[in-house]
Amino acid sequence: MAVSPQIASLLGRRGRLELDDMLAALVVDGYLLADDAKQVRMGARAGRATVELHPLVLIANAKMVNQRDPGRPLRLETLTEWLAGHAGLPYLKIDPMKINAGSVTQVVSHAYAQRHRILPVAVAPGEVTFATSEPFDAAWATDLAQMLRRDVQRVVSSPIDINRYLQEFYGVQRSIQLAHDAKGTSQTSSAILNFEQLVELGKTGEVGADDRHVVHIVDWLLQYAFEQRASDIHLEPRREVGLIRFRIDGRMHKVFELPSPVMTAVTARIKILARMDVAEKRRPQDGRIKTRSASGREVELRISNMPTAFGEKVVMRIFDPDLVVKDFAQLGFSPGEGTLWRSMVERPHGIVLVTGPTGSGKTTTLYSTLRHLATPELNVCTVEDPIEMVSPEFNQMQVHAAIDLDFAAGVRTLLRQDPDIIMVGEIRDLETAQMAVQASLTGHLVLSTLHTNDAPSAVTRMLDLGVPHYLIQSTLTGVVAQRLVRTLCPHCKQPTTQDPQAWNVLTHGWDIPVPERVFEPLGCLECRNTGFLGRTGIYEMMKLSPRLRSLISADLDLGNFGKAALLEGMRPLRISAADQVAVGLTTVQEILSVLPPVENFDDTLPEDAQP
């Protein structure tokens, strides 16, 4: 893009951008109307006495209509891209997940970076890349290249992002360093032993100076995870450093590295917040933390730690009520699946099972269903291990193995509590299965989970546990198997044609026409260039019909039972997933990365029974 005369005129002065010149250039380039530019100018002059903002921020805050994209306001990212084009420099949307804060903060001091409004974003052996929002002020780059004896590359980024991550990166790194130094850290492991003294000081109220730095690191970590839409935070000790990783949309992302003594301090801080035994490091422990996100939403974290070769590994599972509890459409149910699911769970009695591996969304499905069912007229009780999310609508009990309060004992107790609906966290053994059956036979609706790969296998799993087949016939209402798949980013997905061969792999054995139009991932600022944003469920719903009940026997043939379920209307996971591809929510490649290899599918209908 050629440099406009208005922007070029800035180069002859001090190199810093001026609002009047920016507005004039935007009018010339067709982004703003002259009247809108005048309005922005007058508003900025009125507010200049209180705050001095970057010209791009002032223009973006005015929310004027983008004349090149009518109906949408002129956004800061659009303005930043426009400025980068005029400066002849690359545009960079800063993604903190891709920046090694520990290394970039060693390049220049915080004071120097703040003075020149720059942020180091990448460090290589012979080169350092800096983000700036003042692309025509380049004197510092020449000076730095001489001081660092490395090439200095510049990219243009949002001034708000630069200012924010300047504070975050340098602030967190300073806290890490101070916490590190305060323990008298050397390259030996002896410094780690001093942390018990810090814990004792904390318990007596004599908080040391370095304790607030550990608090800062933990607070930053939690808020950062909320912003990144992480479902889990992993703190993993290694020999030299501790790794921090987030699980976002089902994928693990490395976020940060901490020195081992600081990782020990952070782990202990989390254990204190979760009311766990800080001194106990040999046995696994569970706990929970209730906190708030930056927007004020209440968020619960379930904490689990376990001993490893180099220290305690901590996993924090994040339960945001706004994300965990959804209506049936948000869960990914099609209208037909929603109707079928309601017909199973809105009965006065019976057992409904949700199956799938860990992380397949069973908790979200059950909690959302219980929220749907819970009314002032019903008594809803749960027994869980542990309680995933405290909810005011339910009466929740947690399993405690140390006092012999297991799932079976919990259900036995709940039966004396006059329940209408019982949710059992998981059926693991015969005793729990027998109590669930008894609860169903005595007129209660029981919801629970099993770990099986598909819906028909739940019946054989119950038989394997030792439940008599006639009791399964009498009590089991239905089974739902589910998985989670990533959904395409709605901001950047683009239409394409479906490869027939890939479609045939997914729909093997089913006569389903290739969709005329599907979508593929592209990548944008909103999805951090992954092309995917969020996840949705795919479901295999098996409601027990009279014919299926008649097939349940002590020597059940799973293959024949599965074929009968298909003939009774059950749609396999991959066929449910094909519907999601056809409506543009996900891709065949994403589905096949979640489901078993196609040669393992045993869910094809006989040719004379094709829909």
Side-chain angles (χ1 to χ4, degrees), residues 248-252 331-337 355-357 359-361 452-457 480-524 526-542 558-611:
I248 302 173
D249 292 339
R251 301 293 197 273
M252 293 289 281
L331 289 173
F333 287 154
S334 68
E337 289 171 340
T355 77
S360 61
T452 63
N453 288 326
D454 56 28
S457 299
V480 174
Q482 70 175 83
R483 300 289 190 278
L484 290 178
V485 295
R486 292 185 298 168
T487 52
L488 289 164
C489 173
H491 305 282
C492 66
K493 66 180 182 181
Q494 60 182 13
T496 185
T497 56
Q498 177 61 57
D499 174 17
Q501 186 173 358
W503 182 258
N504 290 335
V505 168
L506 178 63
T507 63
H508 172 70
W510 288 70
D511 186 16
I512 300 177
V514 179
E516 293 183 6
R517 188 181 74 161
V518 296
F519 290 84
E520 64 181 356
L522 182 61
C524 67
E526 299 291 338
C527 62
R528 297 181 180 85
N529 290 316
T530 63
F532 294 91
L533 188 64
R535 291 189 291 175
T536 191
I538 54 174
Y539 302 92
E540 178 177 275
M541 295 193 169
M542 182 183 76
L558 180 59
N560 291 335
F561 185 74
K563 294 290 185 183
L566 294 171
L567 291 171
E568 291 293 299
M570 184 187 79
R571 303 174 78 244
L573 279 166
R574 59 193 179 93
I575 303 305
S576 170
D579 291 345
Q580 304 282 34
V581 175
V583 297
L585 278 180
T586 189
T587 67
V588 171
Q589 290 72 22
E590 172 66 13
I591 300 299
L592 294 178
S593 72
V594 172
L595 295 180
V598 69
E599 60 266 17
N600 293 345
F601 290 142
D602 186 23
D603 53 11
T604 58
L605 281 173
E607 290 186 6
D608 58 352
Q610 285 290 335

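For the pair Phe532/Arg251, no side-chain contact is recorded, criterion being any heavy-atom separation below 4.5 Å from C-beta on. Side-chain contact between Arg571 and Asp579 is present, with heavy atoms from C-beta onward closer than 4.5 Å. Under the 4.5 Å side-chain criterion, counting only non-hydrogen atoms from C-beta, His508 is in contact with Arg574. For the pair Leu506/Leu592, a side-chain contact is recorded, criterion being any heavy-atom separation below 4.5 Å from C-beta on. Side-chain atoms of Thr587 and Leu488, non-hydrogen and from C-beta on, do get closer than 4.5 Å to each other. With contacts defined as side-chain heavy-atom distances shorter than 4.5 Å, the pair Gln482/Leu331 does not qualify. The side-chain heavy atoms of Pro456 and Leu558, taken from C-beta on, include a pair separated by under 4.5 Å. Counting heavy atoms from C-beta outward, Thr586 and Ile538 have side chains that stay 4.5 Å or more apart.
Contact between Ser576 and Glu337 at its shortest, heavy atoms only, is OG-OE2, 3.1 Å. Taking both residues in full, the closest heavy atoms of Met570 and Met542 are given as SD-CB, 3.7 Å, listed atom of the first, atom of the second, then distance. Of all the heavy atoms in Thr496 and Phe519, the pair that sits closest is CG2-C, 4.0 Å. Across every non-hydrogen atom of Ala481 and Asn453, the tightest pair is CB-O, 4.4 Å. The two residues Cys492 and Leu522 make their nearest non-hydrogen contact at O-CB, 3.3 Å. Minimum interatomic distance between Thr536 and Gly332 (heavy atoms only, all atoms of both residues): OG1-CA, 3.3 Å.
Atom CZ in Arg535 sits 9.5 Å away from atom OG1 in Thr487 (nearest 0.5 Å). Atoms CG and CE, from Leu573 and Met541 in turn, are 10.5 Å apart once rounded to the nearest 0.5 Å. Distance check, rounded to the nearest 0.5 Å: CD of Gln498 to CD of Glu520 gives 10.0 Å. In this structure, CZ on Arg483 lies 7.0 Å from OG1 on Thr355, to the nearest 0.5 angstrom.
Within the 3.5 Å criterion, the main-chain N or O of Gly537 finds a donor-acceptor partner in the side chain of Gln580. A side-chain donor-acceptor contact under 3.5 Å links Glu540 to the backbone of Ala455. Within the 3.5 Å criterion, the main-chain N or O of Ile512 finds a donor-acceptor partner in the side chain of Trp503.
The neighbour count for Gln494 CD, taken as heavy atoms of other residues, nucleotides or ligands under 6.0 Å away, is above 12.
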